[in-house]
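Since this is a predicted model, take the numbers as computed values, not measurements.
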Amino acid sequence: MHQSDSDGANAMQLTTEGHIMTKPNQPATDTLLTDIAQRHFHRLKTLETLKRDALDFHDVAVWAIRSALVEAHAAGFAAATK
């Protein structure tokens with residue numbers, strides 16, 4: 001991750017394989033990621049740190065992780081092509 005100071009504002013930029021993207025709308029992104037996580041990890045209530053091991057750590061199947069990542073990637077691609 002790289003931070004840029006343009007026009008006096010601190011704008012976060014994400015860099016992936018030489019591509020620079022501006023930081024997405026954080027509340028909307030958090031909501032989308034929470035929705036994806038809840039669809040794929042059924043016992044998950046929030047992506048917030050709750051400071052309790054029983055609530056913050058989960059056993060998750062690799063296929064569920066892959067499925068959630070595929071959905072998140074598709075959502076990001078769709079947002080980027082709008």
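- Taking both residues in full, the closest heavy atoms of E71 and I36 are given as OE2-CG1, 3.5 Å, listed atom of the first, atom of the second, then distance.
- The two residues L50 and D56 have their closest heavy-atom pair at N-OD1, 2.7 Å.
- Under a hydrophobic clustering in which Ile, Leu, Val, Met, Phe, Trp and Tyr are joined whenever their side-chain heavy atoms come within less than 4.5 Å, directly or via other members, F41 and V70 fall into different clusters.
- Put simply, CZ on R39 and OG1 on T34 are 10.5 Å apart, with the number rounded to the nearest 0.5 Å.
- Rounding to the nearest 0.5 Å gives a distance of 8.5 Å between CD of Q26 and CG of L33.
- For the residue pair Q38 and L44, the shortest heavy atom distance occurs at CG-O, 3.3 Å.
- Between A64 and V60, the shortest heavy-atom distance links the atoms CB-CG1, 4.0 Å.
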